[in-house]
Amino acid sequence: MLLNIKNLNVNIENKEILKGLDLKINPGEVHVLMGQNGTGKSTLVKTLSAHYDCEVTNGEIEYKDKNLLEMGVAQRANEGIFMSFQNPVEVKGVNNSYFLRTAINEKRKYHKEEELDTMEFLKLTKKELAKYDIDKKLMQRDLNDGFSGGEKKRNELVQLLLLKPDLIMLDEIDSGLDVDAVKVVAKVVNDLLKDKNRSLLMITHYDKLLSHIKPDFVHILKDGKIVKTGDYSLALELDSKGYEAIGIEDETN
Ligand code: ADP
Ligand code: MG
């Protein structure tokens with residue numbers, strides 16, 4: 001098993017957000033998290049990537065048979081956990097290309113591999129960007145600084161392509177993207193998923209992305225727990241009928 005979450009409780013600002021969540025992910029599986037706003041979807045993926053907002057108060061998380069909760073942010077990244085943010089942060093003064101090369105080389109060092117020099121890195125990024133038709137000008141700018149919504153999402157894809165994580169977590173990567181950009185996301189993700197040791201945990205509200213990336217499991221979160229699990233047909237049903245029709249009432253009532 002790649003990831004095993006048992007009875008996870010997480011607080012944000014002393015408020016209980018996740019309340020006894022269980023989730024198992026095997027290598028090669030695609031899992032989708034759905035649920036109304038504020039049900040804790042982002043909190044779950046943030047907790048897995050050791051975001052400082054999230055305080056684990058109870059439960060266990062095993063990742064590759066190790067205790068994930070004992071690993072810091074950097075170690076989790078080096079062990080292959082990757083999260084694409086719902087709103088990627090802008091970092092003025094940090095060149096994107098430099099940022100990416102540092103990230104890759106940290107991971108290579110951790111795995112006792114040779115670091116990439118500037119030329120090798122440029123060659124690698126050029127190849128990957130060309131394959132997915134991503135503008136290489138993004139590399140010369142500061143990290144996400146002044147990037148449009150679509151450019152920020154594309155830059156997340158560049159990180160994915162270069163870091164090749166084992167657990168890919170995408171938090172609403174499709175929101176605000178046009179049809180063509182959604183197709184690029186799907187192509188990158190599907191190409192990475194050809195490696196059957198790699199798994200995906202994805203948050204989305206739309207069927208648009210799921211029609212390109214076929215999920216094995218669709219989970220619905222409500223009040224900090226997974227209350228329903230199904231296959232792709234659950235997402236389709238939700239898309240056509242809404243939450244109430246599948247027995248999930250509105251949280252805000
Ligand atoms: P979802 O992604 O399902 O829409 P989130 O996991 O982002 O929901 O949020 C779950 C709950 O946690 C919400 O009630 C939200 O307001 C609260 N929350 C999230 N981040 C913070 C924060 N930094 N400070 C205070 N409350 C937060
Ligand atoms: Mg969210």
Side-chain angles (χ1 to χ4, degrees), residues 3 5-23 25 30-59 61 68-69 72-73 76 81-91 144 149-150 152-153 155-157 159-160 165 167-177 181-182 185 189 199-210 213 215 217-230 234-235 237-239 241-253:
L3 183 74
I5 303 175
K6 295 181 224 169
N7 191 30
L8 183 67
N9 287 59
V10 174
N11 285 7
I12 294 185
E13 309 239 314
N14 295 318
K15 192 175 142 210
E16 204 179 21
I17 308 294
L18 297 184
K19 303 171 187 174
L21 184 139
D22 296 289
L23 178 67
I25 299 183
V30 175
H31 291 249
V32 175
L33 282 177
M34 302 185 95
Q36 288 163 314
N37 291 329
T39 48
K41 302 181 297 297
S42 294
T43 302
L44 175 61
V45 292
K46 275 160 72 182
T47 301
L48 292 171
S49 42
H51 194 284
Y52 53 81
D53 277 350
C54 306
E55 184 203 348
V56 175
T57 57
N58 197 17
I61 308 178
L68 186 74
L69 296 173
V73 181
R76 291 187 198 194
I81 293 187
F82 176 91
M83 169 180 168
S84 157
F85 285 93
Q86 198 169 349
N87 302 300
V89 281
E90 302 194 10
V91 191
N144 288 321
K152 281 181 184 165
K153 301 290 166 92
N155 203 46
E156 299 286 296
L157 293 181
Q159 293 179 37
L160 251 182
L167 176 62
I168 306 171
M169 299 192 286
L170 305 176
D171 192 353
E172 300 195 19
I173 195 161
D174 49 346
S175 61
L177 291 187
V182 168
V185 172
V189 171
S199 308
L200 172 68
L201 176 60
M202 168 165 82
I203 298 169
T204 182
H205 290 288
Y206 309 106
D207 177 50
K208 200 163 63 179
L209 187 60
L210 297 181
I213 304 172
F217 299 97
V218 173
H219 309 283
I220 297 180
L221 233 78
K222 181 179 173 347
D223 197 24
K225 274 200 276 292
I226 290 174
V227 291
K228 203 174 176 116
T229 293
L234 180 59
E237 202 183 344
L238 196 61
D239 202 50
K241 298 187 199 153
Y243 282 97
E244 225 165 297
I246 62 161
I248 314 270
E249 337 77 82
D250 196 336
E251 289 248 309
T252 50
N253 287 340

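Here the structure is a predicted model, which means the values were calculated and not measured. For ligands, and for the atoms within them, numbers begin at 1 and follow the listed sequence. Here, residue 1 is the first one in the sequence, and each next residue gets the next number.
Here the options are Ile203, Val189, Val32, the test is side chain to side chain contact (heavy atoms under 4.5 Å, CB included), and the partner is Leu170; only Val189 passes.
If you take CE on Met202 and CG on Leu209, they are separated by 4.5 Å, rounding to the nearest 0.5 Å. Between the CD1 atom of Ile168 and the CD1 atom of Ile81 there is a distance of 12.0 Å, given to the nearest 0.5 Å.
Checking side-chain atoms of Glu172 against main-chain N and O of His205 turns up no donor-acceptor pair under 3.5 Å.
In summary, no N, O or S atom of Thr43 is located under 2.8 Å from the Mg ion (ligand 2).
Ring orientation note: the planes of His31 and Phe217 are close to parallel, at an angle under 30° on the 30°/60° scale.
Within 4.0 Å of ligand 1, protein heavy atoms belong to Ile12, Glu13, Lys15, Ile17, Gln36, Asn37, Gly38, Thr39, Gly40, Lys41, Ser42, Thr43, Asp53, listed by chain and number.
The list of salt bridge (Lys or Arg N to Asp or Glu O under 4.0 Å) pairs with a residue in residues 8-18, not counting sequence neighbours, is empty.
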